[in-house]
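All heavy atoms count here, side chains included; hydrogens, waters and symmetry mates do not. Per chain, numbering begins at 1; letters A, B, ... match sequence-line order.
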Amino acid sequence: MFTYTLRRLLLAIPTLLFIALAIFLLLELSPGDPMADMPLTIPPEVREQMRLALGLGEAWYIRFGKWLYMFSVVEPSHVLANMTGIESLAVEGQRIISFQSRSPVADIIAQRLPQTLWVVGLSYILGILIAVPIGVYSAYRQYSWFDQLGAFVSMVGFSLPTFFTGPLLILIFSIWLGWFPIIYDTTLVVDSWHNLGLQIRQMAMPVFVLTLYNAAQINRFMRASMLDNFTQDYVRTARAKGMTERVVVLVHVLRNSMIPVVTVIALGIPTIFTGAIITEQIFRVNGLGQLLIIAIYASDLPMVLTLSMVFAILIVGFNLIADLMYALLDPRIRYD
Amino acid sequence: MKDIPAPSSAPNPAPDTARKLVEVRDLKMHFPIYGGILRRQIGAVKAVDGVSFDIFEGETLGIVGESGCGKSTCGRAVLRLYEATAGSITIDGTDIATLSQEALRKRRPAMQMVFQDPQASLNPRMTVAGIIGEPLDEHTNWNRAKKLERIYELMDAVGLNRDFANRYPHAFSGGQRQRIGIARALALNPKFIVCDEPIAALDVSIQAQVVNLLEELQEQFGLTYMFISHDLSMVRHIADRVAVMYLGVIVELAPVQDLYDHPQHPYTEALLSAVPEPDPSAEVRKDRIVLRGDVPSPSNPPKGCNFCTRCPKVMDICREIAPETLEVRPGHFAACHLHTHDQTAG
Amino acid sequence: MTDIATARPPRNQWWDVWDQFKTHKGALVGMIVFLFIVFFCFVGPYIWPYSATYIDIRSRNQGFSFAHPMGTDQLGRDIFARMMKGGQVSLAVGIVAMVLSVFLGTMIGVLAGYFRRVDGLLMRLTDLFLALPLLPLLLVMSMLFRQPLASIFGVETGIFLLIVTAIAVTSWMRTARVVRGDVLALKEREYVLAARSIGTPPRRLILRHILPNVLSPVMVSATLMLATAIITESALSFLGMGFPPDFPTWGRLVADGIDYMQQYPSRAMLPGIFISLTVLSVNYIGDGLRDALDPRIRGR
Amino acid sequence: ERGDSGHLNVIYWQAPSIMNPYLSGGTKDVDASNIVIEPLARYNPRGELVAWLAEEIPTVENGGVAEDLMSITWRLREGLLWSDGTPVTSTDVAFTAEYCMHPEGGCAQLRQFNGVESVEVVDDLTVTVHFDEATPVPYGPFVTGFAPIIQAAQFADCLGARAPECTEANFYPIGTGAFRVTDFRPNDVIQFEANPNYRDPALPHFATLTLKGGGDAASAGRAVMETGEMDYAWNLQLAPDVIATMAQGGQGVPISAFGTLVERIEVNLTDPSPDLPPETRSTREAPHPILSDIRVREALSRAIDRELLVEIGYGVAGLPGCNLVPSPPAFASDTNADCVTQDMDRARELLDEAGWEVGGDGIRVKDGQRLVLDYQTSTNAVRQDFQALIQQWWREIGVEANLRNINASVFFGGDPGSPDTFQKFYADVEMYANNFSGTDPAAYLGQYLCGNEPRPDTQWQGENINRYCDPAYDALHDELGRTANTEDRARIARELNDMLVRSYTIIPLVSRGRVSARSVTLEGVDLNVWDSETSGIAEWRRASN
Amino acid sequence: MPDGAAPVLDVQNLKTVFRVRGGEVHAVNSVSFDLRPGELLGVVGESGSGKSVTMMSLLGLLPSPPAEVREGTVMLGDRNLLTMGAEDMRNVRGGEVGFVFQDPMTSLNPVFNVGFQIMEPLRVHMGLTRRKARDRAVELLEIVGIPDARRRLKDYPHQFSGGMRQRVMIAIALACDPKVLIADEPTTALDVTIQAQILELVKDLRQKLGMAIIWITHDLGVIAGIADRVLVMYGGQVAEQGPVRELFANPAHPYTRALLQTMPKLHGTRDDKLRVIEGQPPMLGAHPTACPFRDRCPHAMEICARENPQRRPLGGNHDVACHWDHREAAL
Ligand SMILES: Nc1ncnc2c1ncn2[C@@H]1O[C@H](COP(=O)(O)OP(=O)(O)OP(=O)(O)O)[C@@H](O)[C@H]1O
Ligand SMILES: Nc1ncnc2c1ncn2[C@@H]1O[C@H](COP(=O)(O)OP(=O)(O)OP(=O)(O)O)[C@@H](O)[C@H]1O
Ligand SMILES: [Mg+2]
Ligand SMILES: [Mg+2]
């Protein structure tokens with residue numbers, strides 16, 4: 001297990017380096033220009049000046065090398081220093097600066113993380129909490145009306161694009177009914193019941209949209225996995241031992257069915273961080289997804305690169321975690 | 001019986017007429033096990049660990065042994081469906097083990113295989129005609145009509161109704177499927193067929209049909225069989241000589257009557273005594289030798305004799321030195337210290 | 001072995017699949033709906049008098065009427081015609097992207113599963129693609145290659161190619177993994193061994209024995225892919241990275257219609273419903289296919 | 001009373017990312033920073049220059065501007081304090097110039113400091129700006145929201161290459177404006193509170209201010225006009241009927257004003273044919289085979305119904321445009337109004353005259369050449385609607401247009417390697433909008449001088465997009481450069497405008513205004529298109545009820 | 001074999017049907033048999049003859065749908081298992097009747113350790129505390145001959161070999177001292193040497209615990225070795241039933257006779273040709289109105305196609321369901 005983990009971690013390094021290079025080159029080749037959305041009144045010489053000031057004059061491999069150094073040494077040290085409060089931990093040197101705001105990318109990401117985690121994370125958890133019991137019950141009562149309805153709702157759940165459901169909800173609940181605000185206030189601090197109420201109200205719609213989507217997906221996995229296990233011989237054994245249906249389903253079958261589902265859930269966690277780009281945009285939850293899309297529009301190279309890299313690390317990491325979870329949950333599997 | 005020379009002369013049911021069709025010498029098949037951070041090879045499953053035997057033209061060599069002892073691996077390695085780790089395999093005078101892929105392909109028609117699971121050995125998406133005709137597609141350039149003619153011929157030979165030619169395997173019973181598999185093996189007029197537990201997956205009432213068919217075909221076409229099975233009674237019925245395998249090696253090899261009546265290896269004895277007799281009165285009298293424990297893992301076989309962990313007659317020497325294969329009676333080979341002892345003593 | 005059907009007439013496998021498929025009500029309805037939509041999009045324009053681009057400035061923003069069953073848009077273009085045109089693009093993107101992605105996935109899966117030598121390499125590649133953050137990649141790709149492609153193939157074809165490849169290139173991994181797993185198992189199946197013992201060379205072995213038997217997971221992932229591709233295209237269009245505004249696709253129509261959600265709710269709802277309906281029906285078809293192609297369920 | 005109106009919510013659907021206009025040219029950033037930092041003088045909503053931090057506007061008359069037009073002397077108001085309590089001095093003003101003019105700083109507003117030779121600190125409150133040539137309109141440096149004064153003390157370490165490292169200063173600038181930043185979240189939200197040291201003790205009316213960013217124009221409009229969550233929404237680029245429906249929500253009203261922004265079709269006077277070698281393609285060496293004929297150009301213009309375009313695309317935010325310089329009123333020519341009426345017959349006549357005969361498929365032909373034009377623009381819903389409409393009108397007069405739209409970031413990106421930039425103009429006609437900052441169009445009109453066209457040897461940089469070249473125009477513009485008298489300047493500018501428009505080199509379509517929305521409870525808002533929209537924010541107040 | 005004692009299990013007229021697409025499968029048709037205390041009843045028959053379905057119907061272990069027990073009574077002592085409530089049924093399962101399934105590889109839950117799985121019925125049916133249950137589990141593992149039992153409780157099924165897993169299954173079935181143990185082909189998947197171990201074990205256990213056992217197999221050799229009485233099933237019904245020696249000595253049903261003849265022998269003379277039962281097993285599409293064996297029967301008569309034979313006694317607790325009288329033929 002340990003050697004397996006170590007091997008995977010070692011393998012991850014070249015993978016990530018390659019991803020970094022791939023993204024960098026892609027961005028490098030992309031025709032977008034960080035100056036493109038400047039007003040036309042700014043003359044070309046000034047644009048050129050600004051471009052140089054952003055460091056765009058250097059050769060790409062130099063910039064890539066610098067970025068790599070900053071990403072792997074300078075930024076982690078600052079994050080560490082911030083978390084521990086020990087300033088001296090921070091390595092001197094230039095940090096990764098966003099083209100748009102001219103401020104360290106890491107700080108902005110740190111600032112954005114909470115709302116993304118709140119909204120997307122909560123909807124993920126809610127999605128799981130809703131999907132698992134429904135999945136279990138639909139499988140247990142396969143082909144019952146409950147199962148059919150569940151299947152239909154979950155299919156609708158992920159066949160409706162969020163950019164369609166989002167505005168629809170806004171129209172209904174904000175404009176016609178006036179229940180929820182359209183604008184997500186990221187500065188709201190939950191320090192009183194009243195504010196908690198506000199927070200819940202402003203989160204209601206985005207969380208609902210995402211929960212529907214997440215629940216739909218997990219529900220289907222759960223159901224399929226339960227169905228697979230219901231036909232296994234050990235279920236019959238458990239019944240033959242005189243176990244109640246509750247024990248058979250919730251102990252014997254569920255435990256086995258959760259193995260693939262848990263890994264699917266773990267694999268989905270990075271999407272919490274990548275945020276739900278469209279949903280965030282529609283409900284103005286200015287989280288990481290929105291940050292990324294704005295950065296892409298503005299050709300904010302350092303920001304896009306760093307965010308993509310963080311996402312890639314998360315994905316690789318959770319892939320590993322999912323595999324290890326598998327081994328932990330399933331005694332038959334021992335990686336070495 | 002590691003690293004011993006091949007039996008100088010193999011037992012021969014009809015010494016004057018028969019010639020060796022298959023000669024296997026010190027065949028080893030090790031499946032590597034990888035591990036560690038760099039995925040280096042850290043060990044091997046010694047599925048077959050040095051076996052030697054001959055098969056004479058027209059005879060049936062039975063191979064018996066417990067599950068996992070390497071019977072199938074041995075059979076597949078003999079046909080070079082696996083690349084053997086070491087050893088030589090001579091079939092009809094050619095060393096199969098060293099042939100190039102192309103040359104091997106040319107020789108394939110002479111050696112064929114019948115598989116254990118009649119369901120799994122037929123492609124569910126091909127018709128019977130397609131399955132039986134596949135070897136013909138590969139090795140002949142006959143036209144359709146001629147191929148079809150041959151397919152019908154083969155179907156007749158194995159007792160399948162010609163009308164079934166366009167059906168898919170799932171529409172057949174187990175016995176019928178096994179016949180399809182046999183027909184496929186016969187398509188190119190092979191000399192030698194490895195039957196890997198061809199009846200194990202079949203119901204008792206069907207098993208006899210298939211065995212009879214195999215025997216008929218042997219008579220009709222002069223086939224040579226390597227018949228792998230763990231059903232000792234069935235092997236006794238069909239084989240001329242029998243090899244008993246345990247953990248990747250042959251512990252005993254003898255003409256069938258000899259082996260069943262006078263087993264020389266404790267494992268063979270135990271194996272024979274473990275077979276339940278369908279006779280209530282006989283059963284009560286017999287003293288059954290019940291082996292303790294399980295077969296050790298082939299990736300980590302015990303030191304000395306492979307069987308020393310379960311042998312009821314184990315001696316100290318067995319835990320130290322692997323016994324050599326000796327011809328304890330004419331044509332009867334065994335690898336056991338009981339006999340080494342006898343010989344040195346006498 | 002209790003095998004019945006000794007007297008069944010010879011018939012094609014696909015009939016059995018169809019028989020089983022028919023019993024799945026959802027799939028059947030899905031199939032009908034999907035065919036209807038395809039018919040609507042691809043045959044409709046030949047029957048319908050208005051073209052999707054014809055501007056009739058005098059009849060702007062009309063509601064439902066006999067002449068314009070879905071009304072007209074802000075330039076007086078017939079929405080019914082635009083829905084057909086948009087559907088053509090959305091469906092074409094979905095289908096082509098699906099075919100590409102499934103082809104890529106199957107090919108890589110089969111190669112990796114069958115040839116041990118390339119397995120490690122291909123699987124690392126798959127991991128790599130899995131670890132790439134998809135949406136950013138998609139966005140960057142569409143930004144990057146939009147113009148070059150548009151200038152080579154023309155705007156529409158260029159962007160079509162771009163979107164289709166972008167979707168395919170970022171979505172083949174799941175298929176590849178599933179297929180590889182299946183091939184690894186199939187490779188050990190005795191009928192593959194049997195074919196090898198006959199001397200069938202790898203190429204024919206793959207074509208004749210492996211590919212047909214990975215068909216069912218491939219078919220299922222194909223239907224799923226079709227659905228995701230349609231949604232991805234519309235999401236891209238919504239984010240402004242897909243087809244240009246003058247080029248109707250369902251996704252674009254939704255995006256454009258959202259501003260008018262209040263005055264003319266149907267303008268966003270109709271394409272939205274069409275997208276959902278297509279995805280839904282394809283999903284149900286996929287469900288039915290999965291059952292129908294699974295011999296355990298289909299029974300013998 | 002300061003702060004008596006409570007809290008103000010403003011929404012910008014493009015979120016500000018920095019509070020320093022010198023590091024970002026984006027309107028959103030300029031507007032946001034102008035809540036905090038201010039220039040010496042500004043334009044008011046009517047386009048008149050008014051003193052802001054300066055005592056008065058220096059002119060030749062009051063001696064503030066030197067007779068030779070080579071320098072201008074500004075005098076700061078007395079008693080001005082930064083929000084941290086320290087006094088504002090002329091060093092800050094001089095520092096501001098140094099900051100922006102630093103060669104490594106990449107200052108986005110460098111053009112404001114065009115021609116500045118040096119900035120001389122005369123005394124604590126007086127600075128003199130020296131130009132390197134006679135400058136009839138010396139109101140570039142320190143004027144308008146694009147060039148506000150920053151505090152020397154705060155930015156001392158941020159000169160040149162170090163500018164981006166001063167995150168704290170860039171996010172929390174110390175200013176003289178009505179508010180100061182309490183919390184800045186780039187691309188998301190900014191919180192302000194009233195500046196305790198603001199020069200008018202009664203202002204601002206609001207105690208705190210939240211500027212929220214992100215989303216899209218539609219929902220921003222909704223938040224103000226329909227749900228009333230927000231008080232002010234910036235720049236509602238929406239279809240007119242959408243705005244109209246929102247306004248029925250009753251919580252807010254749209255407000256609009258017109259500046260100098262004109263949506264136009266630029267006609268390529270040179271040949272963009274791909275058959276030409278890259279050195280001559282779209283350069284003046286190869287005159288356009290079709291569009292060199294003024295009759296064709298006029299016909300194209302006559303076939304357009306500008307009122308309909310306004311109705312469809314801009315509503316209250318648009319006016320049918322016939323001029324390149326639509327305002328300020330003194331500079332706007334009134335001789336071209338006839339273009340507003342669509343005249344298909346005249347258009348056809350013109351083409352007939354030019355020898356283009358209607359061919360079999362309705363498209364005109366001359367000497368075997370079909371009258372087909374490539375028509376490009378940036379990708380944008382309204383522009384594509386315009387393209388579709390104009391294509392249809394042109395087809396009616398027998399002109400076929402091949403439409404093309406290009407991603408805005410490429411189209412306006414200026415990459416010399418890309419064939420799709422608007423400068424390269426590898427098309428026959430192209431459509432976009434442009435304007436000039438401030439109220440003086442001299443530089444703007446100067447774009448159309450000979451030699452100013454983009455071409456290979458200038459790396460395709462240059463503003464004479466049409467490759468227009470008329471010695472008479474150049475001479476007239478030269479005269480403008482020597483004229484300081486406002487009335488004369490206006491007359492000459494009008495003439496220049498007419499030369500361009502009457503030659504149909506530029507086909508103006510719509511004079512675009514700006515639409516924002518304010519809550520019905522918000523008073524004191526006067527939409528300013530000449531300067532940053534937030535320049536009057538100190539005066540904004542809640543309606544007392 | 002205590003002949004006179006009241007049967008612990010008395011099955012009458014059991015009929016089980018599966019609803020499948022396009023019809024029904026009549027898997028068990030009017031099966032009747034009984035089981036006396038301490039007796040070992042062997043059940044043989046070819047694959048698909050309904051052995052497993054019969055036994056699972058007894059305890060209601062068949063998934064429903066598609067299975068449906070249509071008729072019959074199953075008396076365990078004086079209670080009818082088929083009409084019993086769910087709660088009581090659970091107490092019977094695992095409590096009074098233990099069940100060992102065919103495939104030891106899949107019948108244990110892979111994610112729980114063996115101890116948990118053995119202790120589960122102990123705690124449910126006997127209400128033992130965790131500690132007591134553990135002690136009993138150790139005891140059980142020792143009974144079935146697993147060395148180092150206490151340590152192995154923590155092991156997972158995959159850490160055991162096939163033979164040991166089957167022992168664990170037996171331990172689970174024995175956990176609550178059942179009156180009846182039903183073993184459904186417990187050794188079919190095992191090697192002969194391991195099978196020999198298990199058979200020894202069962203013989204031992206019978207002596208020690210004295211429970212009644214139903215042992216399903218299709219290996220007549222196994223039956224001959226351990227059974228007291230044999231039930232031969234064919235096509236979903238009982239073909240023949242009788243004490244083991246009597247049945248092996250005087251098989252009355254043509255199927256039983258053929259079955260005994262097809263088996264090659266390990267000793268004695270080698271036959272040239274094996275005897276075969278030609279043809280295919282019957283389809284169980286509808287309730288049989290004819291003898292299911294008639295197509296393969298060498299003695300088929302015209303009545304066989306008309307009438308499904310009833311079981312008729314042959315004396316000595318031996319009965320057969322066949323129109324043909326073997327004694328006639330013997331004459
Ligand atoms: N491809 C392989 N890779 C690794 N180990 C293998 C492979 N094939 C077989 N083995 C191992 O080799 C040993 C012998 O296997 P083999 O299939 O030859 O046994 P067998 O005697 O045929 O058993 P059975 O009666 O169950 O068919 C087993 O321990 C098996 O696990
Ligand atoms: N779930 C099911 N649906 C339909 N038919 C079934 C089902 N389960 C069993 N059957 C049918 O019931 C009949 C009896 O099956 P059963 O499992 O009892 O046979 P068996 O005698 O135990 O055979 P084996 O020796 O192979 O275990 C068979 O014909 C089988 O096809
Ligand atoms: Mg084998
Ligand atoms: Mg069974």
S.K.: Between CZ of B:F115 and OG of B:S72, what distance do you get to the nearest 0.5 Å?
M.R.: 10.0 Å
S.K.: Under 4.0 Å between a side-chain nitrogen and a carboxylate oxygen: does that hold for E:D184 and E:K51?
M.R.: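 E:K51 and E:D184: not salt-bridged.
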S.K.: Given E:Y234, which partner from the list E:H253, E:E240, E:R296 fulfils the side chain to side chain donor-acceptor pair (under 3.5 Å) test?
M.R.: E:R296
S.K.: Please determine, among E:H218, E:M164, E:E46, the option with the most heavy-atom pairs under 4.5 Å with chain B.
M.R.: E:E46
S.K.: Take B:D196 and B:K71, measure what salt bridge (charged side-chain N to carboxylate O under 4.0 Å, His left out) needs, and give me the verdict at the end.
M.R.: CA-CA 8 Å; B:D196 187 359; B:K71 307 183 296 292; over 6 Å; no
S.K.: Given that the side chain runs from C-beta out, which part of B:R292 has a heavy atom under 4.5 Å from chain E: side chain, backbone, both or neither?
M.R.: backbone
S.K.: Mind checking whether B:F164 and B:F172 have parallel, tilted or perpendicular rings, split at 30° and 60°?
M.R.: perpendicular
S.K.: Run the side-chain hydrogen bond (donor to acceptor under 3.5 Å, both in side chains) test on B:T60 and B:Q218 for me, step by step, so that the C-alpha distance in whole Å, both residues' side-chain angles and the decisive distance to 0.1 Å come before the verdict.
M.R.: CA-CA 9 Å; B:T60 302; B:Q218 184 167 39; 2.9 Å; yes
S.K.: Name the region of B:V295, side chain, backbone, both or neither, that has any atom closer than 4.5 Å to a heavy atom of chain E.
M.R.: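 For B:V295, neither part sits under 4.5 Å from chain E.
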S.K.: Is there any residue in residues 193-200 of chain E with a non-hydrogen atom under 4.5 Å from a non-hydrogen atom of chain B, and which ones are they?
M.R.: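 Residues of residues 193-200 of chain E touching chain B at under 4.5 Å: E:T193, E:I194, E:Q195, E:A196, E:Q197, E:L199, E:E200.
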S.K.: Heavy-atom pairs under 4.5 Å with chain E - which of B:N212, B:L271, B:V290 has more of them than the others?
M.R.: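 Ranked by heavy-atom pairs under 4.5 Å with chain E, first place is B:N212.
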S.K.: Just verifying a value: how many Å separate B:R177 CZ and B:I180 CD1, rounded to the nearest 0.5 Å?
M.R.: 8.0 Å
S.K.: Sub-3.5 Å donor-acceptor pair from the side chain of B:Q178 to the main-chain atoms of B:P198, do we have one?
M.R.: yes
